[in-house]
There are 2 protein chains.
Amino acid sequence: MKRSIEDIRRQELIEGAYRAFLQFGMDGLTTARICKEAGMSPGILSYYFKNKDEVLFWMVRHANRVIMDEVVERMKRASNRWDRLLAIIEGNFPETLFEQNIANAWLSFYVASARDPQLQRLQRLFHRRLASNITSCVDQIMDDESVPRFVATVAILIDGSWLHRAAAHTKTSSVEAIDLIKTQIEHALGTAKMVEMKRIK
Amino acid sequence: MKRSIEDIRRQELIEGAYRAFLQFGMDGLTTARICKEAGMSPGILSYYFKNKDEVLFWMVRHANRVIMDEVVERMKRASNRWDRLLAIIEGNFPETLFEQNIANAWLSFYVASARDPQLQRLQRLFHRRLASNITSCVDQIMDDESVPRFVATVAILIDGSWLHRAAAHTKTSSVEAIDLIKTQIEHALGTAKMVEMKRIK
DNA sequence: CAAAATTTTGTACGCTCATACAATTTTTTG
DNA sequence: CAAAAAATTGTATGAGCGTACAAAATTTTG
């Protein structure tokens with residue numbers, strides 16, 4: 001019983017923090033705001049968590065899982081390597097999440113993780129997962145030393161597009177972002193490699 | 001006389017803020033730190049500036065000018081449109097500035113400008129300048145409706161590479177970043193367009 | 001139902017920081 | 001050189017915040 005209520009409250013606080021994060025980013029996250037968003041009184045946070053940083057840690061994991069679920073969902077439907085690569089890219093730009101405030105929130109996470117070792121570890125983990133996913137799509141169709149370069153290119157295009165969305169120089173839709181990246185990747189790979197990717201399971 | 005000393009102090013404070021910015025980003029910038037970095041006592045800031053935001057505003061202009069000078073310098077030496085495009089890209093990655101702390105600092109500027117209209121105006125200005133520079137390189141070799149797409153691609157590659165440098169998933173050098181972007185652009189343009197760009201002044 | 005345990009509330013403390021400003025020092029002026 | 005002006009110092013004030021915790025409310029237990 002004790003476990004249950006504790007887990008529920010912790011989860012509620014994490015989700016409250018997540019909602020506040022999407023709106024205000026890491027900077028706008030005060031303990032008071034988190035608790036209010038979770039529908040509890042201000043002091044409750046230090047009862048269920050060691051401190052605010054711990055909540056933020058779990059909140060970021062939660063936020064990443066939301067995106068990763070989108071990726072995994074799409075990858076399950078993919079039947080060849082090219083479709084898997086597309087799944088990764090499309091999963092990184094869900095319609096409902098590719099929005100200015102949210103892009104800014106993620107950006108603020110990058111900034112915060114520069115001076116917080118815990119968050120930095122998370123960020124590296126997220127990146128390794130992405131890199132490993134991309135690698136698994138192309139490792140059979142290019143030589144080993146070309147792979148990291150390609151992975152970096154895709155990662156830069158994805159992150160760059162989110163940064164671009166945050167700045168909102170022009171209001172880009174999720175579809176446009178995906179399309180731009182897809183086009184770049186097609187150019188980078190060339191027709192031959194794409195055909196091969198569609199062939200291999 | 002009065003003008004002179006005032007201008008000097010303001011400039012010293014702006015440069016102090018700039019040095020602190022490179023080290024700590026926008027978040028680490030306290031009035032005390034700015035004044036200390038400029039070698040003055042803490043209260044001086046409110047004598048020469050309305051408030052901290054005003055110093056930050058001028059500091060960001062200063063920081064951008066440092067980069068823009070690199071771009072302009074290289075563009076002067078360029079004799080055709082392709083070299084001009086390269087000058088823009090290379091100018092955005094000076095050896096001495098393409099460093100993790102500095103990349104993080106710029107990232108924190110993006111975040112800060114999300115909620116500060118003044119900084120937002122600056123950011124848009126910087127982007128328009130970049131877009132206009134890139135456009136002037138390619139407007140004669142592609143149809144009008146293709147230009148914005150191309151400009152967006154280059155901008156995303158540049159910003160994405162800085163973001164990548166901030167995260168430091170792998171320690172990328174300025175040369176490697178430039179090379180990656182150059183390769184992507186070559187793919188995107190195709191040989192024919194590149195040849196044409198090298199032809200036109 | 002009463003006592004004990006758990007959960008929740010509200011607040012007080014201490015910290016960091018931007019800003020204003022009185023007091024002091026330095027420079028200029030006549 | 002004295003008086004006035006300008007520049008600089010150091011600090012006080014108040015706001016916003018994270019955290020701890022006593023008090024109150026609620027739930028569980030015997």
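Both backbone and side-chain heavy atoms feed into the values below; hydrogens, waters and symmetry mates do not.
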**OP:** Measure from the side-chain N and O atoms of A:Arg10 to the backbone N and O of A:Phe49, and report whether any donor-acceptor pair falls under 3.5 Å.
**Re:** no
Original post:
Would a distance-only check, ignoring hydrogens and angles, find a side-chain to backbone donor-acceptor pair under 3.5 Å from B:Ser113 to B:Asp116?
Top reply: no
Original post:
Starting at CZ of A:Arg10 and ending at P of C:dT8, how long is that distance when rounded to a whole Å?
Top reply: 14 Å
Original post:
When the distance from OH of A:Tyr48 to P of C:dT6 is rounded to whole Å, what number comes out?
Top reply: 11 Å
Original post:
What class does the angle between the rings of A:Phe93 and A:Trp162 fall in, given that below 30° is parallel, 30 to 60° is tilted and above 60° is perpendicular?
Top reply: parallel
**OP:** Report the distance from atom CD1 of A:Ile5 to atom C1' of C:dA5, rounded to the nearest whole Å.
**Re:** 14 Å
**OP:** Show your working on side-chain contact (heavy atoms from CB on, under 4.5 Å) between B:Asp83 and B:Lys198 and close with a plain yes or no.
**Re:** CA-CA 7 Å; B:Asp83 286 350; B:Lys198 286 178 188 164; 5.7 Å; no
**OP:** Give the rounded distance in Å between these two atoms: CD1 of A:Ile8 and C1' of C:dT7.
**Re:** 13 Å
Original post:
How many Å lie between CZ on B:Phe57 and P on C:dA18, as a whole number?
Top reply: 19 Å
Original post:
B:Lys36 NZ to D:dT8 C1': how many Å, rounded?
Top reply: 18 Å
Original post:
Residues two or more places apart in sequence or in another chain: which of them pass side-chain hydrogen bond (donor to acceptor under 3.5 Å, both in side chains) with B:Asp179?
Top reply: A:Arg149
**OP:** Tell me, with the steps shown, if B:Asn104 and B:Arg165 meet side-chain hydrogen bond (donor to acceptor under 3.5 Å, both in side chains).
**Re:** CA-CA 8 Å; B:Asn104 266 306; B:Arg165 186 70 192 79; over 6 Å; no
Subject >> Donor-acceptor pair between A:His169 and B:Gln123 side chains, under 3.5 angstrom >> reply: yes
Original post:
Looking only at atom types and distance, does a side-chain atom of A:Arg33 sit under 3.5 Å from a main-chain N or O of A:Ala20, one as donor and one as acceptor?
Top reply: no
Subject >> Whole-Å distance separating the CD atom of A:Glu12 from the C1' atom of C:dT8 >> reply: 13 Å
Original post:
With sugar-phosphate meaning primed atoms plus P, OP1 and OP2, does B:Phe49 contact a base, only sugar-phosphate, or nothing at under 4.0 Å between heavy atoms?
Top reply: nothing
Subject >> Side-chain donor-acceptor contact under 3.5 Å, B:Tyr110 with B:Asp159 >> reply: yes
Original post:
Listed in order of residue number, which residues of residues 19-35 of chain A have a non-hydrogen atom at under 4.0 Å from DNA chain D?
Top reply: A:Leu29, A:Thr30, A:Thr31
Report, one pair per line, the protein and nucleotides 9-11 of chain D atoms (nitrogen or oxygen only) whose separation is under 3.5 Å.
residue, atom, partner, partner atom, Å
D:dT9, OP2, B:Ser41, N, 3.0
D:dT9, OP2, B:Ser41, OG, 2.4
D:dT9, O5', B:Ser41, OG, 2.8

Subject >> Interatomic distance, B:Asn51 CG vs D:dG14 P [rounded to whole Å] >> reply: 20 Å
